[in-house]
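Here is the structure we will look at, set down as structure tokens.
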Amino acid sequence: MRIIVKENYEEMSKTAASVVKSQIVLHPDCVLGCATGGTPLGLYRELVKAYQNGDLDFSEACFFNLDEYRDLDPANNQSYAHYMKENFFDHINADPDRIHIPDGMAEDVDAECRRYDADIARHGGIDLQILGIGVNGHIGFNEPNAHFCPDTHKVVLDDSTIEANARYFSSMAEVPTEAITMGIRPILQSKTLLLLANGENKAEAVRSALRGPICPELPASILQLHPNVIIVLDREAARNL
Ligand code: F6R
């Protein structure tokens, strides 16, 4: 595990972007696992900049997102499908046929979850998975639980997750309470994991994930078992290490 601590959010984003850039340059046809939320926004900005400068070509890359809210239409501006278009895909030369996001509107959720896992497997798994971390230690929307869920599954979001996500919605009542998330298996089977965290409110989750016992009550702690993890933190998120 390599832990890189940068002075601030901007430096964290640039460092994380340099990891993704190398991946795309060395393996243009790679499978990139994408996260949403506030943390990777700076990373996506850097990647868009690199594409616009002519330094990156995403046309052969394939993308799998970690998660999507339940019952939000992809056109809803709070859906993760919309987030990805707005912050990344609409600004690069990603091939729409190579973009994969769980269908939060699927009537048969179990079938959708099985389809998503099969799609990931068909592409040979994920080469580089970008991850954020929840204040409760979740990765994707794998919430603290009595056991690790290996497969893509429907999840009832934790109160702390709903509270953290509320900042993007105009009222608490609008915040989705369920999601579909990639399970722990495809995350752990990714060749490289790139976890980003910034801000004081992530410091305790980061400490528990990297220094605490490996347990499903702190899902990110399972990253300790992965042979190739890059953690990029700002100083505040690293303060309890
Ligand atoms: C989002 C995701 C989540 C977030 C986490 C942190 O696709 O998988 O695990 O990475 O909730 O969210 P932010 O970055 O908004 O603090």
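Only this structure's heavy atoms are used, side chains among them; waters, hydrogens and symmetry mates stay out. Just follow the structure's listing: the first ligand is 1, and inside any ligand the first atom is 1.
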Would one find more than 12 heavy atoms of other residues, nucleotides or ligands at under 6.0 Å from atom CG of D159?
no
Minimal heavy-atom distance between Y116 and H100, with the atoms involved, is OH-O, 3.0 Å
Audit row: L66, Q129, side-chain contact (heavy atoms from CB on, under 4.5 Å) steps and yes/no:
CA-CA 9 Å; L66 280 170; Q129 176 65 57; 3.4 Å; yes
The single option from E217, E204, E143 that satisfies side-chain hydrogen bond (donor to acceptor under 3.5 Å, both in side chains) with N136 is E143
- Task: Dump the intermediate steps for side-chain contact (heavy atoms from CB on, under 4.5 Å) on I180 and R70, then the final yes or no.
- Result: CA-CA 6 Å; I180 295 177; R70 254 317 256 162; 4.2 Å; yes
- Query: Less than 6.0 Å separating the ring centroids of Y168 and Y83?
  - Reply: no
Ordered by chain then number, the protein residues lying under 4.0 Å from ligand 1 by heavy atom are A35, T36, G37, G38, T39, L66, D67, G132, I133, G134, H138, G140, R167, Y168, K202
